[in-house]
**Q** 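One structure, pasted below without further comment.
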Amino acid sequence: MAFTVTNLEGNEIADGEYTRTPAEGNRWGDTWSVFKRNFGKIVLNNLFVLLFFLPGIAVMIFRLMYVGGLGMQYPFNANTGIGYPAYPGTQGMNESIYLSADLLFYGMLIIAGLIASIGIAGGAYSVKKLLNTHGKFTVKGFFHGVKVGYLNVAPPVTLFMTFYFGCVIIGDWKDLNAARDLPVAGAITAYVFIIIATVLVGLYCAWLIATGISYRQRVGQLLKNSFVLLIGSPIPTIFFAALSLMPVWLFMIGLTVTLIKYLAFVIFIVFGFSYVLLVWMSYTQGVYDLYVTPNLKKAEEAAKAKRTPEQIAAEQADEAKRIAGELLAAGRSELICKPILPIESKTQVKALSATFTRSNLNELSENRKQLGERISAYEEEHKNDPAYKEYNALFADREKALQQGGKKSKKKKISADNLLR
């Protein structure tokens, strides 16, 4: 598929500290190297991200306490103690408790997502810098990432959490209808559709976050570029999104296996959030290297092909002036101020053997004479080339200025050694 995201090039959010360049070796080998060599920085970044996830974690803990407390208060298996056991109508009560609790706490989780977005913005920016500089991380850089990326991170996080909220509530509604023996076909259909929509929106929001953290762009460009990148690489996006969520999969498995649950907790506390960001940002940076930079090169080549001979000549003259200006700072050199005949086999001076005659000496002298003529002819032919002409003109102006330095001052001999003194 043709990618049209060239407007990203040149808008890298790099804090003025580095320039994006494609990875020299294997992308994932390079990522693994960054992870091993900078594990302490990964952990520090993870702690900063975890700090801003604490409100959301607190909401889920209060939800569990709330549901557990109601479960103990309601008479799910009550007995009056008089005559035959009397069981109140509790059909669907458990599901109703979950629905009411989730409406409250998952609604609060959307608000907590706005706080978590601070950690995501700073953490994603720091991980991107780690990948692009092979180890550079600062606390100041983390909060700079918050400053430049929060407004691009908070909206997609809120959007995803809203869909996730709908997914949970529709799931509770489905369970409540099933518990009360009500028709569930519509609820199941809605549940399937909301799950699919949540996954698709989640992938799109992940691209919005990565692109918003990596490049400065207008809202319309951000939405369009993220969509193009998503539909242009759907299978790799799904695979690497799933790979980045490995700590989440461990936690879900841990809901039934206690040991794995504790392992998941430890991973999240130590480096889990940074791992998620590291895998996802590494994948997205690789996509930018593959499709953004090559498109820019093609555009530059197309622009060069449309140049007129006058434009080409002007560019060459400007380049010659630039080179001459750089060489001026280094001092005039006899090797640069005049053309030098390129070394070729036909211009080489013949060497004398161990034994030689007068004819050999005459031949050698003639050979050197011919070489001198070629050198003089080459110098005469190329002395007005822009590079030499501009170079010598700069030094001529400097020499003239030195000679006119003052009437009473003793004239100073101009040479390559004292030209810039």
Side-chain angles (χ1 to χ4, degrees), residues 53 55-78 86-114 116-117 154-209 227 230-231 234-235 237-239 241-242 244-257 260-261 264 276:
F53 269 77
I57 295 173
V59 167
M60 297 311 296
I61 293 175
F62 280 121
R63 173 188 174 275
L64 290 176
M65 295 173 61
Y66 178 79
V67 171
L70 289 180
M72 295 178 64
Q73 295 177 16
Y74 279 76
F76 291 104
N77 294 297
Y87 296 100
T90 59
Q91 186 178 18
M93 182 176 292
N94 187 53
E95 289 75 14
S96 179
I97 290 175
Y98 273 98
L99 178 58
S100 61
D102 290 345
L103 281 169
L104 172 63
F105 288 101
Y106 277 94
M108 294 172 61
L109 200 61
I110 297 176
I111 307 302
L114 294 174
S117 297
V157 169
T158 303
L159 177 63
F160 172 73
M161 293 306 301
T162 301
F163 271 81
Y164 185 66
F165 170 79
C167 189
V168 172
I169 298 306
I170 292 177
D172 290 343
W173 172 51
K174 171 185 68 67
D175 293 339
L176 180 60
N177 283 357
R180 291 179 175 175
D181 294 327
L182 298 175
V184 295
I188 292 175
T189 302
Y191 190 50
V192 171
F193 274 102
I194 193 64
I195 289 176
I196 295 173
T198 302
V199 172
L200 293 177
V201 168
L203 293 173
Y204 181 51
C205 289
W207 268 113
L208 285 171
I209 292 171
F227 182 74
L230 171 61
I231 64 173
I235 302 303
T237 292
I238 294 172
F239 175 78
S244 69
L245 293 175
M246 283 300 296
V248 177
W249 307 138
L250 280 177
F251 179 76
M252 294 180 68
I253 295 173
L255 295 178
T256 56
V257 183
I260 295 180
K261 179 174 68 175
V276 173

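One is the number of the first residue; the rest follow in order along the sequence. Keep in mind that this is a model prediction, so the values were computed, not measured.
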**Q** Taking side chain to side chain donor-acceptor pair (under 3.5 Å) as the test, write out the residues that go with Asn177, two or more places apart.
**A** none
**Q** Can you pull the side-chain hydrogen bond (donor to acceptor under 3.5 Å, both in side chains) pairs that have at least one residue in residues 183-208, sequence neighbours excluded?
**A** Trp207-Thr237
**Q** With heavy-atom distances below 4.5 Å as the criterion, would you say the side chains of Ser96 and Arg180 are in contact?
**A** yes
**Q** Report the distance from atom CD1 of Ile97 to atom CD of Glu95, rounding to the nearest 0.5 Å.
**A** 9.0 Å
**Q** Walk me through whether Phe62 and Phe105 qualify under ring-ring contact (aromatic ring centres under 6.0 Å, His included).
**A** CA-CA 8 Å; Phe62 280 121; Phe105 288 101; 7.5 Å; no
**Q** How long is the span from the OH atom in Tyr66 to the CG atom in Leu104, to the nearest 0.5 Å?
**A** 6.5 Å
**Q** So how far is it from Met252 CE to Leu245 CG, rounded to the nearest 0.5 Å?
**A** 10.0 Å
**Q** Mind listing the closest non-hydrogen atom pair of Pro247 and Ser244 along with its distance?
**A** CD-O, 3.7 Å
**Q** How long is the gap from NZ on Lys261 to OG1 on Thr256, to the nearest 0.5 Å?
**A** 10.0 Å
**Q** Find the distance between CD1 (Ile238) and CG (Leu230) and round it off to the nearest 0.5 Å.
**A** 8.5 Å
**Q** Looking at side-chain heavy atoms only, is the closest gap between Phe251 and Met246 below 4.5 Å?
**A** no
**Q** Excluding sequence neighbours, so at least two apart, what forms salt bridge (charged side-chain N to carboxylate O under 4.0 Å, His left out) with Asp175?
**A** none
**Q** Specify the closest pair of heavy atoms between Ala112 and Pro55, including all atoms of both residues, with the distance to one decimal.
**A** CB-C, 4.2 Å
**Q** Of all residues at least two apart in sequence or in a different chain, which pass the side-chain contact (heavy atoms from CB on, under 4.5 Å) check with Leu200?
**A** Ile196
**Q** Heavy atoms only: give me the nearest Val184-Ala178 pair and the separation to one decimal.
**A** CG1-N, 3.5 Å
**Q** Please report the closest heavy-atom contact between Trp173 and Ala187, naming both atoms and the distance.
**A** CZ3-CA, 3.5 Å
**Q** Throw together a table of side-chain donor-acceptor distances under 3.5 angstrom for residues 157-172, partners on residues two or more places apart or in other chains.
**A**
{"from": "Thr158", "atom 1": "OG1", "to": "Ala154", "atom 2": "O", "distance (Å)": "2.8"}
{"from": "Thr162", "atom 1": "OG1", "to": "Thr158", "atom 2": "O", "distance (Å)": "2.7"}

**Q** How would you list all residue pairs meeting salt bridge (charged side-chain N to carboxylate O under 4.0 Å, His left out) that involve residues 55-69, not counting sequence neighbours?
**A** Arg63-Asp102
